[in-house]
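The next block holds one structure in the form of structure tokens; read it before the comments.
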Number of protein chains: 2
Amino acid sequence: MNAPLPNTQQGMRRRNLSLVMHAVAGHGPLSRAGVAGRIGLTRAAVSSLVDELIRGGLLVELGREQSGAVGRPGSALSLSCRGPVGIGAEIGVDHLAVCAVDLHGKVRARASAQADHRGRPAEPVLKELAELIRQVTEAARAEGLRPAGIAVAVPGLVARDTQTVVRAPNLGWEDIDLGDSLPYGVQLSVDNEANLGALAELWIGGDPAPQDFVHVSAEIGIGAAVVVEGRLLRGTHGYAGELGHVPVRPEGPACACGGRGCLEQYAGEEAVLRAAGLTATGRGVDLLAARAADGDRTVRRALSTAGAALGIALAGTVNLLDPQAVILGGALSRLAPWLLPSLERELTRRTAEPARPTLTVSRLGSEGPLLGAAHSVVRAVLDDPSSYAA
Amino acid sequence: MNAPLPNTQQGMRRRNLSLVMHAVAGHGPLSRAGVAGRIGLTRAAVSSLVDELIRGGLLVELGREQSGAVGRPGSALSLSCRGPVGIGAEIGVDHLAVCAVDLHGKVRARASAQADHRGRPAEPVLKELAELIRQVTEAARAEGLRPAGIAVAVPGLVARDTQTVVRAPNLGWEDIDLGDSLPYGVQLSVDNEANLGALAELWIGGDPAPQDFVHVSAEIGIGAAVVVEGRLLRGTHGYAGELGHVPVRPEGPACACGGRGCLEQYAGEEAVLRAAGLTATGRGVDLLAARAADGDRTVRRALSTAGAALGIALAGTVNLLDPQAVILGGALSRLAPWLLPSLERELTRRTAEPARPTLTVSRLGSEGPLLGAAHSVVRAVLDDPSSYAA
DNA sequence: ACTAATTTGTTAACGGCCATGACGAAATAG
DNA sequence: CTATTTCGTCATGGCCGTTAACAAATTAGT
């Protein structure tokens, strides 16, 4: 959660402030005594920490708890709904979206715009995004909220710990530094949309949210984000999660990556459209979902084949990682009804019973990356509250 | 490294003691000032920590450093070679082995015994192991060393954080609690041999040791241990690493697991022996290595086929995890010369260049699990030295 | 050979932070 | 209305890293 703080008393203090924030965030309104019991400190110590957090505008006191239990009731503490907000932004191939999420995880403001960004240069797109961010920031400020940071989800590869988009094939971007074009007074972070979608699943996906899962999405190619012990696995070079190029049939059709029979050759958008005998004008997913819903047999068969291929690739993944859950997110969640039967059949056949994960469809759907971006800022506040005190 | 210590002053102290130990362990003899600079504390604080560790018999002062640099020379600190030792033990299908490793990582005593344990009941085997442990413990004590714990590597599944072997198919054991039969006065831990082999690779495998890698071994089936950011990925149920049942050809031969075309059907010992036209009397690996070294074409072809299948399965793994390295360990390291060419060909073809891991053969070979077991105890000492002070 | 400069390790005063224990406050149980 | 329980606060104390000063031990320069 927050390892790299120095092992000094100040570092300890900061970690403890973070523990209090996480306790209150994760377990509803809580009294000082409740927090103390949960994080293993004394009431006196927690009182001091809470005072500091209240002064910093991060916690608020709601008033007496009425629990009905014997003894003096505690004073309920809650995250401030007037404190910092995380600004999340998403650059999609056909839209822009921005939202503001408060410490409770509630969306407090949002704005979006439709436009086809395929092949458009980055500059005007980023100018438009900056305008949306300005609007949302204004709206948030009008409600007494303080933007604590901006996180941007992009459909492409982002160099680790930078603000640079190395390559976004669907946008046609290469080496674009978003820090140059979005120069705000707050922290700016940039990450891949599939990663942020998976993190959204981790943070706000379910109840209880799984801590070890594989999140499959298909926006650009087929990506799988792997979360282990509540941490996103990014890979040495940041390329982890390339499920699309896992071999399904070693002698299958040649793939652009140089291999043969990669998953993308069976379950990629292009391959599925071809198998369905369709050519997409706009978003292929929309077309496939519409036709499948209409009962088109060829389309349904194509989706079933894709689901089987996904199941084979995921069977390998599950055997290797033994995750708690497999979650279909992003565009796949819309096609889930027709993918799932064959997917589940293959997955079940090829995995041993005790290690079989639950197979679910994301509740967040296409909202995942945007919410994940905003929440990543909120998490940063919870992880180191002293840096974000008023 | 050591997260679960409480965030109190005592917890901070313990973490700092651990930081000092790790600094000295990882970066040779070091002065107090050197340690201070490395871990970010002041010289005064480090002095106090070092005093405590010296009093506890964990560190020793070697005398003046002669670096040639200007200024007063520091006093070189080193891990004690008379302090605690980790006792590692290994239960193999055809042997038992025990060793003692000191804080420097040096093997200070060892003992082993050959015997076929297939289908033999657990009790006599454990009795014999206990005798070997007694011998090694004696020998260590004779050198002024204190056993700090015993770790046992077993060829089977071990329930998380217990001393119970759930299932060891090659031994024919089920639900054996080693704590019942090895009742020593020190901490006893039990883990799977493939896991410990991978951890050995992490701790003493290379220079620098990779922090993100996949370690493939083939003692029981084909297992892959995944290490991410220096931590072993065990999986939700402890079943992670079942590389043997990753699908290679979805319509391939049926596998005992219920799937088809699993890697084991191509690269498992049984499958390779069959393809080579051999029947093993003793250890199949020995036979294969001998024949291949003799130049037997059929055997070499069988190994080449197995290597290709391994390459396909590993290509999926690499695409998913983007590890820094892939390491062939255990029995595979002996067959590496004949597996590698085809393995590397498939792996290279099916992975993108920037994410391509280095492919290496374990230096530790079949010693990995035993050394890993002993080192796991040593690591425990480094991670929380105050618990092991004299 | 002698001085200046540099670095090490120790010491004492200081300050931050959590634990301890006592206390008043606010509820329930009888 | 009293006893009991729990909550939040306060004063005290102890632990621990920091700061700053100092003696010790070496090299660099003249």
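In the text below, chain A, chain B and the rest are named by the order of the sequence lines, each starting its count at 1. Below, all heavy atoms of this structure are taken into account, side chains as well, without hydrogens, waters or symmetry copies.
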If we count only N and O atoms by modelled type, under 3.5 Å, do the side chains of [X] and [Y] hold a donor and an acceptor together?
{"X": "A:Asp384", "Y": "A:Ser386", "value": "yes"}
{"X": "A:Ser48", "Y": "A:Arg13", "value": "yes"}
{"X": "A:His104", "Y": "A:Ser78", "value": "yes"}
{"X": "A:Arg15", "Y": "A:Asn7", "value": "yes"}

Give the rounded distance in Å between these two atoms: [atom1] of [X] and [atom2] of [N].
{"X": "B:Glu65", "N": "C:dG9", "atom1": "CD", "atom2": "C1'", "result": "12 Å"}
{"X": "B:Leu30", "N": "C:dT8", "atom1": "CG", "atom2": "C1'", "result": "13 Å"}
{"X": "B:Asn7", "N": "D:dG17", "atom1": "CG", "atom2": "P", "result": "14 Å"}
{"X": "B:Gln10", "N": "D:dG14", "atom1": "CD", "atom2": "P", "result": "14 Å"}
{"X": "B:Arg15", "N": "C:dC18", "atom1": "CZ", "atom2": "C1'", "result": "13 Å"}
{"X": "B:Arg14", "N": "D:dC15", "atom1": "CZ", "atom2": "P", "result": "16 Å"}
{"X": "A:Arg32", "N": "D:dC10", "atom1": "CZ", "atom2": "C1'", "result": "14 Å"}

D:dC16 OP1/OP2 closer than 4.0 Å to side-chain N/O of B:Asn16: no
C:dG16 OP1/OP2 closer than 4.0 Å to side-chain N/O of A:Arg13: no
Among B:Val377, B:Val152, B:Ile133, the one residue meeting side chain to side chain contact (heavy atoms under 4.5 Å, CB included) with B:Leu188: B:Val152
Reference residue A:Val20; test side chain to side chain contact (heavy atoms under 4.5 Å, CB included); the match among A:Leu77, A:Leu30, A:Ile39: A:Ile39
Candidate nucleotides [options], ranked by approach to the side chain of [X] - the nearest:
{"X": "B:Val70", "options": "D:dT27, C:dT11, C:dC18", "value": "D:dT27"}
{"X": "A:Gln9", "options": "C:dT8, D:dC16, C:dA19", "value": "D:dC16"}
{"X": "B:Thr8", "options": "C:dA26, C:dA19, D:dG8", "value": "C:dA19"}
{"X": "A:Arg72", "options": "D:dG17, C:dG24, C:dT20", "value": "C:dG24"}

Touch class at under 4.0 angstrom, heavy-atom based, for A:Ala44 against every strand present: base
Sugar-phosphate only, base, or nothing, as touched by A:Ser31 at under 4.0 Å among non-hydrogen atoms: sugar-phosphate
Side-chain donor/acceptor of B:Arg108 to backbone N/O of B:Cys81, under 3.5 Å: yes
Heavy-atom donor-acceptor pair, A:Thr164 side chain to A:Ala159 backbone, under 3.5 Å: no
First of B:Ala45 and A:Gly74 reached from the 5' end of DNA chain D, by closest nucleotide: A:Gly74
N/O donor-acceptor pair, side chain A:Arg43 with base D:dG8, under 3.5 angstrom: yes
Residue whose closest nucleotide on DNA chain C lies nearer the 5' end, A:Met12 versus A:Arg64: A:Met12
Neighbours of DNA chain C within residues 47-55 of chain A, by heavy-atom distance under 4.0 Å: none
